[in-house]
Amino acid sequence: MDHTEGPAAAPGPGHDGTGPRLTTTVPREYVHRASVAEVFLTDWTPLRDGRCSVLAEWPRSHAFFTPIERAFHDPLLVAETVRQAGALLAHAAFGVPLDHKFLMWELRYSARPEGLRMGPAPASLELAITCTEIGERAGRLTGLRYEAEIRRDGETVATGGAHYTCVPPKIYARLRARRQAPPDAGTDAGTDAGTDAPAGPVSPGRVGRTSGFDVVLGPGDAPGRWQLRADPAHPVLFDHPVDHIPGMVLLEAARQAAHALDPGAGPLLVTGVESAYHRYAEFDRPCRIEARDVPGADGTLRVTAHQDGEPVFTGTVTTRPVPRDAVRDSAG
């Protein structure tokens, strides 16, 4: 099916069809971000036969997606870029109204370490998007499954994909009628979900972070277990008010669990994630994060998140040590 109606039928943002193409970001509303600084997509082409091209840029510095050993882009930028591409498609190619709500069910990526190396300028990327399943009802998009091939300087450096559904605000309101509102950003920020007492993070160095503000794991009751820390005051993980804990928070918890499970491994690159989201992660109840190594698969672990004994997130995380030459070069 050809989808050419709506904003994507015209040239992408920053280009009126004449003169040199100027680079800008796509509208922040199209990727569900309140801050322009958190928008990594810069342009797109119209969707034809389920395919389109999306351009992106990874910064050399970022407040949260910090470079690894000053030598590699944060691999979770791959996940966020793939996520943003799916939201962009919904609004720009399928005409989904901006007030509709999105439910992410799957998000995955696999990245080549060499493709994540930082250069002397921000990384310019092209995402070749293929829509593999398009759910529609009465001419409206209800869900999308898509694959992305991410190219840098003409070479494939990562692949990814996602599956989500989208619903009108009235239906979403019915689904979430009994939800618990998040705590105020300035009140008890950094507490364990579902508790009133302040809860400190685990040591930042243990989870690959330098600041406790970025740590999303609190101490658990056994090895390989932690409590999720959801801080609505965090300006990136909580870029705008939400009524549940975002999927990227759970993905960051999985990354930090990989570090915490083997703190002696040194700097790590999370080169692959296969994640599934089963239900909403709520603010008003404790959320337990568990991680264990996958037998026979070096550098691979299974991470789960549970609330009330039910899974809200499951993921397989693949890590690779940062190459020794990169650590040496960054130290010098």
Side-chain angles (χ1 to χ4, degrees), residues 28 32-40 58-81 83-84 118 180-220 225-261 263 266-270 273 281-289 291 303 305 313 315 317 319 322 330:
R28 58 186 174 84
H32 305 166
R33 283 291 172 255
S35 172
V36 174
E38 303 310 321
V39 180
F40 301 123
W58 291 341
R60 297 175 68 202
S61 178
H62 191 271
F64 182 75
F65 296 108
T66 52
I68 310 299
E69 294 297 309
R70 296 187 297 171
F72 292 86
H73 291 284
D74 183 347
L76 258 63
L77 279 170
V78 181
E80 176 61 12
T81 304
R83 184 203 68 78
Q84 290 191 12
M118 295 176 58
Q180 172 75 21
D184 292 337
T187 305
D188 288 332
T191 63
D192 286 345
T195 68
D196 295 323
V202 301
S203 171
R206 184 178 176 86
V207 294
R209 285 291 177 181
T210 59
S211 170
F213 187 54
D214 293 330
V215 176
V216 299
L217 298 182
R225 291 183 182 177
W226 305 269
Q227 288 293 321
L228 181 69
R229 302 179 70 251
D231 187 349
H234 198 286
V236 178
L237 293 175
F238 292 87
D239 168 75
H240 55 278
V242 290
D243 66 1
H244 62 278
I245 298 171
M248 285 300 293
V249 176
L250 295 168
L251 209 58
E252 176 62 21
R255 184 244 291 273
Q256 293 187 15
H259 282 271
L261 202 63
L268 295 175
L269 292 172
V270 177
V273 169
E282 308 290 0
F283 282 99
D284 63 331
R285 295 191 292 281
C287 184
R288 187 178 70 192
I289 306 295
V303 182
F313 166 90
V317 177
T319 65
V322 173
S330 65

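All residue numbers refer to positions in the sequence shown, counting from 1. Both backbone and side-chain heavy atoms feed into the values below; hydrogens, waters and symmetry mates do not.
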If you take all heavy atoms of R229 and G212, which pair is closest and at what distance? NH1-O, 4.1 Å
Quick one: pull up OG1 in T81 and NE2 in H73 and give me the separation to the nearest 0.5 Å. 10.5 Å
With V207 as partner, the option from V216, D214, V215 fulfilling side-chain contact (heavy atoms from CB on, under 4.5 Å) is V215
Salt bridge (charged side-chain N to carboxylate O under 4.0 Å, His left out) against R28, all qualifying residues, sequence neighbours excluded: none
Measuring from I289:CD1 to R225:CZ, what's the distance to the nearest 0.5 Å? 12.0 Å
Would you say the side chain of V236 lies within less than 4.5 Å of the side chain of E38, judging by non-hydrogen atoms? yes
Could you measure the distance from the CZ atom of F65 to the CE atom of M248? Nearest 0.5 Å is fine. 4.5 Å
Nearest heavy-atom contact between V202 and P219 is CG1-N, 3.7 Å
Test log, rule side chain to side chain contact (heavy atoms under 4.5 Å, CB included), inputs H62 and D74: CA-CA 9 Å; H62 191 271; D74 183 347; over 6 Å; no
Backbone N or O of F40 within a donor-acceptor pair of the Q84 side chain at under 3.5 Å? yes
Apply side chain to side chain contact (heavy atoms under 4.5 Å, CB included) to the pair R70 and M118, showing each step before the final yes or no. CA-CA 8 Å; R70 296 187 297 171; M118 295 176 58; 5.9 Å; no
Run the side chain to side chain contact (heavy atoms under 4.5 Å, CB included) check on H259 and R206 step by step: do they pass? CA-CA 6 Å; H259 282 271; R206 184 178 176 86; over 6 Å; no
What closest approach, in Å, do F238 and D231 show between heavy atoms, and which atom pair accounts for it? CD1-O, 2.9 Å
Is the charged tip of R209 near the ring of F64: under 6.0 Å from the six-membered ring centre and within 45° of its axis? yes
Identify the heavy atoms of L217 and A257 that sit nearest to each other, and give their distance. CD1-N, 3.7 Å
Heavy-atom distance under 4.5 Å between the side chains of F72 and P267, does that happen here? no
Evaluate L269 against I68 for side chain to side chain contact (heavy atoms under 4.5 Å, CB included), listing each step before the verdict. CA-CA 8 Å; L269 292 172; I68 310 299; 3.9 Å; yes
Determine the interplanar angle of the F213 and H234 rings, folded into 0 to 90°, and report it as parallel if under 30°, tilted if 30 to 60°, perpendicular if over 60°. parallel
Could you check if a side-chain atom of L228 sits within less than 4.5 angstrom of a side-chain atom of L250, using non-hydrogen atoms only? yes
Where do A291 and L261 come nearest, in terms of heavy atoms and distance? O-CD1, 3.7 Å
Quick one: closest heavy-atom pair of P246 and L237, and the distance? CG-O, 3.7 Å
